[in-house]
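Labels below follow one simple rule: chain letters A, B, ... track the order of the sequence lines, proteins then strands, and each chain is numbered from 1.
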There are 2 protein chains.
Amino acid sequence: MEPAASTPSALGCALLGLLARAPSTGYDLARRMQRPVGYFWSANHSQIYPELARLGDAGLVSHEVIEGAGPRPTKRYAVTPAGMDALRAWVGSDLEAQPVRDLETLRLWSVWTVEPETARGLVLQARARHEAAMLAYAAELAEIAGLPEAQDRSHPSFASVLTLEGGLRTRRAAVDWCEWMLKRLA
Amino acid sequence: MEPAASTPSALGCALLGLLARAPSTGYDLARRMQRPVGYFWSANHSQIYPELARLGDAGLVSHEVIEGAGPRPTKRYAVTPAGMDALRAWVGSDLEAQPVRDLETLRLWSVWTVEPETARGLVLQARARHEAAMLAYAAELAEIAGLPEAQDRSHPSFASVLTLEGGLRTRRAAVDWCEWMLKRLA
DNA sequence: CCTTTCATGTAATGGGTTACATGATTCG
DNA sequence: CGAATCATGTAACCCATTACATGAAAGG
């Protein structure tokens, strides 16, 4: 038994969260990272494979070799009891401060240097992006919000509804903000 | 004349944006990066100094040595005409796709694994954080929104009002979302 | 005299993106 | 038979964080 590798990295916690919902291969995790988790976290396969190996070394995930396509053995990963404990401990620990990094707002902050026409173009692009995201979230929400398991606080769907609702509200606020800016730029 | 180093990095654009508002030393840029730009972008001095050197090599900023405290010469940086062009070109170019990275939502997505009490604690922490940010934005907005230059589309304060309004709306939406979650977790 | 502020740098480490590399199965 | 999908890995590079390093001026 290794000396309980403290909390895993953020990526590690994301992978534990995915595997706690359903065991998967690394390839599958990379796909699931796009949608719907990708709405608030993303990673590609070249990050995921080494991180799965680290989680395995720490005893937080295990894998079985299954038959599948490819030059190397296909592995299906699952969370171990220790991994479940680590995930719960992370969810319950204090929120870490996270540095904000918002390129869209960073640009708008320098919008005083360009022509009003250019500024309007930027805001229109931003609005289109937020609207598209809003529609995607709403569609996903409509699929699961009505299901009975979405009412159960210990079911994954319950948490999915929470996060989708958050995304929807945030994007709606962003679209409203864009409308407000367009009025100021008219 | 060098071969016009394409668009600078995001950090480079942030620094150009800061220097276009007011010439500064590297130390001062690090301070200004905290507040108010830090609401949507952040960097520390160990990133800033090398990036200023790169911007200098590309001819986008210049510096003059001034008298000041410290073992090395104190330099005040300013944007060159080429730097102003690069900043304007970046603001006017197509919005790049940015990967979302939201640790708070990532945790909530795994909130089905913990006790309702723990979940409420997490949401309360998130609400407190968003409320604090909201108050900070509102205070800053109150300081500048009334000024006559904030009405001038080519004045930096105009852009500051846009971004602060955005932050305020986003944080308000987040606080409302937290309230909504608390009702579901009660 | 001690602490804070001003001031500029480098080094080590960690995380993320892009690109390289390989090969089987399935569908048209 | 060719393209897409399944599947797993490594390497190079870039960006960011933390820590190391130095020293003058100002204020208590």
Checklist line | Residue pair A:R32, A:S24: steps toward the side chain to side chain donor-acceptor pair (under 3.5 Å) verdict | finding: CA-CA 9 Å; A:R32 294 173 64 198; A:S24 302; 2.7 Å; yes

What is the distance, to the nearest angstrom, from the [atom1] atom on [X] to the [atom2] atom on [N]?
X	N	atom1	atom2	value
B:M33	C:dT8	CE	P	15 Å
A:I66	C:dT25	CD1	P	14 Å
B:R31	C:dA7	CZ	P	8 Å
B:E64	C:dA7	CD	P	13 Å
A:L15	C:dG15	CG	P	13 Å
B:E67	C:dA7	CD	P	11 Å
A:I48	D:dA7	CD1	P	14 Å
A:L103	C:dG16	CG	C1'	15 Å

Margin query: I'd like to compare against my own output: the B/S/- annotation of nucleotides 9-17 of chain D with a strict under-4.0 Å heavy-atom distance to protein.
Written below: BBB---SSB

Notebook entry, point to check: Sequence neighbours excluded, which residues qualify as side-chain hydrogen bond (donor to acceptor under 3.5 Å, both in side chains) partners of A:E117?
Noted result: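 None.
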
Checklist line | Qualifying ring-ring contact (aromatic ring centres under 6.0 Å, His included) pairs with a residue from residues 62-105 of chain B, counting only residues at least two apart or across chains | finding: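 Listed once each, the pairs are B:H63-B:Y77.
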
With sequence neighbours left out, what residues match [X] under salt bridge (Lys or Arg N to Asp or Glu O under 4.0 Å)?
X	value
B:E96	A:R107
A:R169	A:E165
B:D176	none

Next item on the list: Kindly calculate the angle separating the two end axes of the helix from C:dC1-D:dG28 to C:dG28-D:dC1, each obtained from five base pairs, and round it to 10 degrees.
Entry: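 The angle, to the nearest 10 degrees, is 30°.
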
Next item on the list: Show which residues join B:Y27 in its hydrophobic cluster (side-chain heavy-atom contacts under 4.5 Å, direct or indirect), or state none.
Entry: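 Under the 4.5 Å side-chain rule, B:Y27 groups with B:Y49.
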
Item checked: Near-strand residues of residues 20-29 of chain A, defined as heavy-atom separation under 4.0 angstrom from DNA chain D ->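 Only A:T25, A:G26, A:Y27 qualify.
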
Item checked: Any residue meeting ring-ring contact (aromatic ring centres under 6.0 Å, His included) with A:Y39, in chain and number order, not counting sequence neighbours ->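 For A:Y39 the ring-ring contact (aromatic ring centres under 6.0 Å, His included) partners, ignoring immediate neighbours, are A:Y137.
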
Next item on the list: Could you list the residues that satisfy ring-ring contact (aromatic ring centres under 6.0 Å, His included) with B:H130, not counting sequence neighbours?
Entry: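 Checked B:H130 against ring-ring contact (aromatic ring centres under 6.0 Å, His included); zero matches.
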
Next item on the list: Can you sort out the partners of A:Q125 under side chain to side chain contact (heavy atoms under 4.5 Å, CB included), two or more places apart, ordered by chain and number?
Entry: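 Side chain to side chain contact (heavy atoms under 4.5 Å, CB included) check on A:Q125 returns B:D94, B:L95.
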
Item checked: Distance (rounded to the nearest 0.5 Å) between A:Q98 CD and B:L103 CG ->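 That separation rounds to 5.0 Å.
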
